Amino acid sequence: MKITVTAKLKLRPTPEQKTALDAVTLAYRDAVNFTSGIAFTENKLSAGMRLQKVVYEDLREKFGLPSQMACNAPRQVAASYKALWTKCKDHHARQQWIQSVKPGYQPRPFQGFERPAKFISRTLTYNFGRDYSWKKDQQVSVQTLEGRQVMAYDGWNKHLELIRSGCEVGGAKLSYQKSKKQYFLLVSLEIDLPDPQPADHKNVVGVDVGQRFHAVVTDTRNRTTFFSGQQTNHKKEGFARVRQSLQRKGTRSATRRLIAFSGRERRFIADRNHSLASQILKTYPQAVIGLEDLKDIRTRTEGRSNPQASLKAKRARRRRSQWSFAELQTFLAYKASLAGSMAIGVDAQYTSQQCVKCGHTSKGNRPQAGLIFVCEVCGYQVHSDLLGARNVTLRALAVRQDWTATGALSVRPDVSSVEAKAERLQRYSELRWSSDTSPSLE
Ligand SMILES: [Zn+2]
């Protein structure tokens with residue numbers, strides 16, 4: 001099983017090297033925008049080689065780009081224009097369709113081609129071996145306008161190990177993070193992992209994500225961890241206040257600050273999700289980790305929001321939390337494969353309503369939609385988020401049993417067939433949790 005991961009390396013340039021990086025990234029950005037202007041006047045040219053023929057000499061002479069970069073720039077611009085052409089075609093097809101069902105409809109023009117595509121971020125692409133390569137003592141050599149520069153870097157231990165082990169390396173992106181005044185090198189690494197086997201995944205874990213607790217995690221041996229969301233929520237409320245006041249102002253400078261600000265918020269959540277994923281994997285090694293299919297849990301996070309909040313605000317809030325959950329799952333899946341675990345998706349329906357003792361499923365099992373789950377039939381009581389995690393664990397256990405029995409692993413529930421889903425839900429309702437005897441693995 002080959003997987004590609006992206007290592008984010010923090011570069012440690014000397015002040016002179018920093019100046020060289022500034023020069024090359026700014027020159028590259030100017031070159032890309034210049035190329036975009038040419039592509040635009042050449043009838044939105046999206047053929048990389050043809051565009052390269054037109055601009056290559058200029059990029060070398062006017063912008064001083066090394067040859068590899070003078071090839072990369074037109075290729076990047078051509079790819080952008082190609083994407084715009086696709087969008088343009090889709091747009092016209094949609095307009096035509098609307099016209100056909102709505103006679104008299106005035107089709108709207110496509111706006112993507114009104115002016116040349118503009119490139120704002122200071123990013124450039126390197127090709128391994130041609131314009132960047134590893135050096136000893138955790139150093140990397142990267143191309144600049146004044147030739148190669150060798151500088152130190154930092155990164156996540158796992159990634160550093162991989163690089164040391166000499167794994168296959170692909171292209172890299174040099175990018176500048178304005179808020180931290182910091183250069184990063186994003187390197188894609190290819191890893192060859194043995195195909196996962198059920199025997200190597202002894203434990204089965206369920207993760208329930210939410211607002212109150214960032215995550216509640218439990219396993220078949222009944223070891224439960226509540227990861228508090230309090231600190232994050234507090235910080236998030238602060239973010240929400242600033243965002244609101246900037247949105248209300250609506251001036252250009254406020255919009256600019258809003259963009260910078262949302263970057264900070266995004267990175268804060270990403271940091272939280274990274275550390276949360278690592279903690280979960282450390283606490284529950286060699287596990288099949290069940291995650292809920294996020295499409296199903298849309299409604300649950302709305303529960304406790306302010307009833308007076310506008311529909312728009314609620315939607316925005318929901319989108320943000322959905323996005324944060326999705327990110328946590330992505331990190332978990334990604335890190336799990338490197339750590340000898342494996343993340344799988346399970347249906348999320350009724351995980352908060354289904355009794356794990358008797359299978360009774362009802363909204364009434366959550367009196368006042370509250371914190372405590374109380375089964376209407378058998379009286380079983382448990383924290384509602386833990387109930388969610390237990391249901392996910394049971395469903396992941398079912399997937400692992402199938403894996404052992406058939407040798408085939410379904411990493412995601414098949415949602416294309418209604419019958420298959422109904423069958424799964426039927427099977428879920430027969431799963432039982434017992435506190436004294438752990439559910440059997442085989
Ligand atoms: Zn019950």
Side-chain angles (χ1 to χ4, degrees), residues 203-229 280 283-284 287-304 325 344-405 410 413-415 418-442:
N203 200 4
V204 177
V205 174
V207 179
D208 177 280
V209 289
Q211 301 283 347
R212 223 171 2 242
F213 290 99
H214 205 127
V216 176
V217 186
T218 193
D219 67 1
T220 40
R221 287 161 226 172
N222 230 341
R223 291 176 305 190
T224 301
T225 322
F226 287 82
F227 294 93
S228 166
I280 292 173
T283 317
Y284 303 93
V288 171
I289 300 167
L291 304 167
E292 288 170 289
D293 192 5
L294 286 173
K295 272 182 235 87
D296 297 345
I297 64 170
R298 200 170 292 153
T299 48
R300 201 188 317 159
T301 53
E302 287 171 6
R304 233 148 274 273
F325 294 156
I344 58 160
V346 302
D347 299 286
Q349 260 147 357
Y350 310 125
T351 48
S352 60
Q353 296 173 18
Q354 192 155 58
C355 177
V356 290
K357 288 275 179 188
C358 72
H360 176 63
T361 305
S362 154
K363 270 192 182 153
N365 287 347
R366 294 276 298 278
Q368 286 105 44
L371 267 179
I372 303 297
F373 174 97
V374 186
C375 178
E376 290 174 319
V377 172
C378 74
Y380 176 61
Q381 279 196 23
V382 65
H383 189 289
S384 57
D385 293 338
L386 176 54
L387 178 95
R390 282 200 173 146
N391 270 315
V392 176
T393 307
L394 285 174
R395 291 173 188 197
L397 185 63
V399 173
R400 191 187 175 280
Q401 282 165 349
D402 290 348
W403 187 19
T404 314
S410 95
D414 167 23
V415 288
V418 182
E419 291 89 46
K421 181 149 191 168
E423 221 167 87
R424 281 200 305 276
L425 290 177
Q426 173 62 36
R427 181 159 171 213
Y428 295 154
S429 71
E430 287 156 10
L431 299 168
R432 296 285 180 273
W433 187 277
S434 145
S435 47
D436 14 83
T437 52
S438 295
S440 141
L441 273 177
E442 302 308 329

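Counting convention: from 1, in listed order, for ligands and their atoms alike. Note that the structure is predicted; figures quoted are calculated from it, not measured.
Around the OH atom of Tyr350, the shell of radius 6.0 Å holds no more than 12 heavy atoms that belong to other residues, nucleotides or ligands.
At a threshold of 4.0 Å, the pair Arg427-Asp402 counts as salt-bridged, since one of the basic side-chain nitrogens sits closer than that to a carboxylate oxygen.
A distance-only check finds no donor-acceptor pair linking the side chain of Ser384 to the backbone of Phe373 [under 3.5 Å].
Counting only distances under 2.8 Å, and ignoring water, the protein N, O or S atoms around the Zn ion (ligand 1) are Cys355 SG, Cys358 SG, Cys375 SG, Cys378 SG.
Under the side chain to side chain contact (heavy atoms under 4.5 Å, CB included) test applied with Val204, the options Leu394, Ile344, Ile289, Thr220 reduce to a single match, Thr220.
For Ser429, the side-chain contact (heavy atoms from CB on, under 4.5 Å) partners at least two apart in sequence or on another chain are Gln354, Gln426.
For the 3.5 Å distance criterion, the side chains of Tyr428 and Thr351 fail to qualify, holding no donor opposite an acceptor.
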